[in-house]
Amino acid sequence: MSTVEDKVERVTGVALKRGLFWPSFEIYGGVAGLYDIGPVGVRIKNRIVKLWRDIVIRENDDLVMEVETPIITPEAVLKASGHVDHFTDPVVECMQCHRVFRADHLVEEKLKINAEGLAVNELTQIISTNKIKCPYCDGELGPVTTFNLLFKTIIGPYSGSTGYMRPETAQGIFTSFKRVFESSRESLPLGIAQIGRVGRNEISPRQNLIRMRDFTIMELEFFFDTSQKRNIPWERVEKVKIKVLDLDMKRQGEKPNEYKPHELATSGKVLDEWMAYWMGVSQKFVEKLGIKNSYFEEKSPEERAHYSKQTFDLMVDINGTSVEISGIAYRGDYDLSAHMNATGKDLTVFKRYDTPKTIKKDIILIDKSKLIKAFGERGKSIIEKLSRMTKDELEGIVLSRKAVDDVIIAEYAIINQTEEKVSGERIVPHVIEPSFGVERCFYLSLINSFRIKENRNILSLPPEIAPFDLAVFPLLERQPLIDKSKELVRLVKDSGYEVFYDESGSIGKRYARADEIGIPLAITVDPQTLDDNTVTIRNRDTWEQVRVHVNNILMTLGELLHG
RNA sequence: GCGGCCGUCGUCUAGCCUGGACUAGGACGUCAGCCUUCCAAGCUGAUGAUCCCGGGUUCAAAUCCCGGCGGCCGCACCA
């Protein structure tokens, strides 16, 4: 048995036993891809979310703010965003061996034609007229059907309208972009973050919390003006180093290269400098989860989502297997433009010039009285025709000296030159999206920090994401020690620490339990405490103890947990 | 959907092939008590399983047969 499998097995065992996570709806047999997070798990998960908020939002609070939008999303929104169409894969099943294939991919492969975007019946037609057979068993293929990864529902009673569970929180951000923009600083760059649940009806969810059907996502949509000077706070990612494997390197089988974010920005490997910044921030976050072996891997055009111009997945290496913990996508103006097209609403941003530009403009006026004098009733009908034209059409007719009803309009036009002041222009911001799956962070942190020491399970979580900051134990179940311990619990709780208290069972058992859920420190009150007011502090990873006077306990905890 | 493997106390499992003394055994856990001056210690007791569900064969089914449900792994798919 490999160590990875062994580890995963032990971690899932601990998860069940200690309340980290387990399959949902177990008493009904369970449903693949749905998981409950237990009491200890929720503590860890909440701290991971807090860590993300700290690093992505709080440290960038001059750039980023957070919103919350609904899970239920009307069909029109996801139609516009491309999810209704692109989340639906055309599939075809072999009637003989029952293998399922992507119908469009199969057609493209066999006929060397572009089959993308073809309708289901078109694909069925192509497959039957070209007698395409199952590539595995040469069996007859059935009709092309679709598989949609969106969870569908109905909004409202009666027939209602179709709705979907959001597959990403991003669309709620795009659709509310204008409001957030207007209600805040009305300037770019602007990051809008959202943490929330999403649903994706995966064909086959696997690997515990790695591929779920209903999970929590932490996303940032970072809006910026491509023509504006980038003013990037590199000092916030100064200490970060990121490993990058781009497409070329991947094709040539090379190893990832290491960069500082600002170096990557000018390396030509990223579509925009901001990409490098947010990759740096993401890297910082992953390291805070205690994960050291991570690198960014560029996705090929086929692998990318429909909205993405460039995507880097943040891969985490756990005992030799790479798992995607995050993706950073350059979405361009895809989403805002799509929603503008669909709704006709203006989602552009007015970009003010530093100094207003003056533009010389020709204003064309038609001398209507001259026309009527020259042609009478015919002139009136010409005027009517001209008035129906747009400015541009009229300009074209005048400048190219074209005739309307055999009259050269230019001869009856007056061209006035005027100056117009333009103080800015309307642009559609571009978007960079770093997004993290919370449960993946949670799960990978667990696997990553899991150790076995003397056949005991230890979760060496970084203190920041541990479920409790410390445990307090009376060494023995004696009233004076219990009283003193509870006093101590009060003291540290009042200082804001999360404390785990336990008095039953042998001390060794309690230490073991604390280690297993990753509590970094354990304070033990022993008989000596009653004499000299000192306690021992035990380290989860080394099992070493130091004796500290209770008066110094808060200071010592501060050093041990944050120092 | 397909293929392989699997489904017994909270957990891990014995038993299944070869049906009967299985009233389903153990270990761990949990709880209570005793003991205990620092690492899952010891002792005592308690707790806990309609053997995944339904049907069939049989005098008799956890065990054999059929169907279903669910899980894991692989395939395909995957933001």
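Per chain, numbering begins at 1; letters A, B, ... match sequence-line order. Below, each value reflects all heavy atoms present in this structure, side chains not excepted, and no hydrogens, waters or symmetry copies.
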Touch check for A:Thr536, heavy atoms < 4.0 angstrom, all strands: base, sugar-phosphate only, or nothing? base
Send over the distance from A:Ile537 CD1 to B:C38 P, rounded to a whole Å. 19 Å
Do any N or O atoms of the protein come closer than 3.5 Å to N or O atoms of nucleotides 39-46 of chain B, and which pairs are they?
residue : atom : partner  : partner atom : Å
B:C39   : O3'  : A:Arg456 : NH1          : 3.4
B:C39   : O2'  : A:Arg456 : NH1          : 3.1
B:C39   : O2   : A:Arg456 : NH1          : 3.4
B:C39   : O2   : A:Arg456 : NH2          : 2.7
B:C39   : O2   : A:Arg538 : NH2          : 3.3
B:C39   : N3   : A:Arg538 : NE           : 2.7
B:C39   : N3   : A:Arg538 : NH2          : 3.4
B:C39   : N4   : A:Arg538 : NE           : 3.2
B:C39   : N4   : A:Trp543 : O            : 2.9
B:A40   : N6   : A:Glu516 : OE2          : 3.0
B:A41   : OP2  : A:Ser506 : OG           : 3.1

Charged N to carboxylate O below 4.0 Å: is that the case for A:Asp246 and A:Lys269? yes
Among side-chain atoms of A:Glu477 and A:Ser504, is any donor-acceptor pair under 3.5 angstrom? no
Those residues at least two apart in sequence (or on a different chain) that pass ring-ring contact (aromatic ring centres under 6.0 Å, His included) with A:Tyr164 are none
Heavy-atom count check: over 12 atoms from other residues, nucleotides or ligands less than 6.0 Å from A:Lys243 NZ? no
Salt-bridge present (A:Glu439, A:Lys45; N to O < 4.0 Å): yes
Atom C1', compared across B:G20 and B:G71: separation rounded to whole Å: 32 Å
Rounded to whole Å, the CZ-P distance (A:Arg10 to B:C12) equals 14 Å
I need the CZ-P distance between A:Arg213 and B:C78, as an integer number of Å. 16 Å
Between B:C6 and B:A62, how far is it from one C1' atom to the other, in whole Å? 15 Å
Would you indicate whether A:Lys250, at its atom NZ, is surrounded by more than 12 heavy atoms from other residues, nucleotides or ligands within a distance under 6.0 Å? yes
Stepwise, does the side-chain hydrogen bond (donor to acceptor under 3.5 Å, both in side chains) test hold for A:Gln171 with A:Thr73? CA-CA 9 Å; A:Gln171 296 311 321; A:Thr73 310; over 6 Å; no
Between A:Leu475 (CG) and B:C35 (P), how many Å, whole number? 16 Å
For nucleotides B:C64 and B:G19, find the distance between their P atoms and express it as a whole number of Å. 9 Å
Just the rounded figure in Å: distance from P of B:U13 to CG of A:Leu16. 13 Å
Do A:Lys299 and A:Glu297 sit within salt-bridge range, that is, some charged N less than 4.0 Å from a carboxylate O? yes
Electrostatic pair A:Glu498:A:Arg43 at N-O distance under 4.0 angstrom: yes
When the P atoms of B:C53 and B:U47 are considered, how many whole Å apart are they? 24 Å
Rounded to the Å, how far apart are A:Asp36 CG and B:G10 C1'? 16 Å
B:A40 and B:G3, which share atom name C1', separated by this distance in whole Å: 42 Å
Ion pair A:Arg53/A:Glu66, N-O distance below 4.0 Å: yes
As an exercise, state the distance from CD1 of A:Ile173 to CD of A:Glu219, rounded to the nearest 0.5 Å. 6.0 Å
What residues in residues 521-529 of chain A put a non-hydrogen atom under 4.0 Å from any atom of RNA chain B? A:Thr524, A:Asp526, A:Pro527
So what does A:Ala329 hit on the nucleic acid, given a heavy-atom distance under 4.0 Å: a base, only sugar-phosphate, or nothing? nothing
Of A:Tyr35 and A:Pro167, the one whose nearest nucleotide on RNA chain B sits closer to the 5' end is A:Tyr35
To the nearest 0.5 Å, atom CG of A:Leu314 lies from atom CZ of A:Phe296 at 4.5 Å
Using the P atom on both, measure B:C16 against B:G54 and round to a whole Å. 24 Å
Reckon A:Glu219 touches a base, only the sugar-phosphate, or nothing at all at heavy-atom distances under 4.0 Å? nothing
With sequence neighbours left out, what residues match A:Phe312 under ring-ring contact (aromatic ring centres under 6.0 Å, His included)? none
Side chains of A:Asn539 and A:Gln545: any donor to acceptor distance under 3.5 Å? no
On RNA chain B, nearest-nucleotide positions of A:Glu26 versus A:Glu168: which is more 5'? A:Glu26
Extract from the structure each pairing of a protein N or O with an N or O of nucleotides 4-6 of chain B at less than 3.5 Å, listing the distance.
none

What is the distance from CZ of A:Phe473 to C1' of B:U37, rounded to the nearest Å? 17 Å
Which of these nucleotides, B:C38, B:C78, B:U37, is closest to any side-chain atom of A:Leu476? B:U37
Gap in Å between the two C1' atoms, one belonging to B:A24 and one to B:C51, rounded: 8 Å
Check the pair A:Ser445, A:Ile48 against side-chain contact (heavy atoms from CB on, under 4.5 Å), reporting the backbone distance first and the verdict last. CA-CA 9 Å; A:Ser445 299; A:Ile48 288 173; 4.3 Å; yes
Salt-bridge present (A:Lys484, A:Glu487; N to O < 4.0 Å): yes
Atom-pair distance (CD on A:Glu477; P on B:C31), nearest Å: 11 Å
For the C1' atoms, the ones on B:G55 and on B:U18, what distance do you get once it is rounded to whole angstrom? 25 Å
Watson-Crick or G-U stems involving RNA chain B, each at least 3 pairs long, distances under 3.5 Å, ordered by first number: B:1-7 with B:69-75, B:10-13 with B:25-28, B:29-34 with B:42-47, B:52-56 with B:64-68
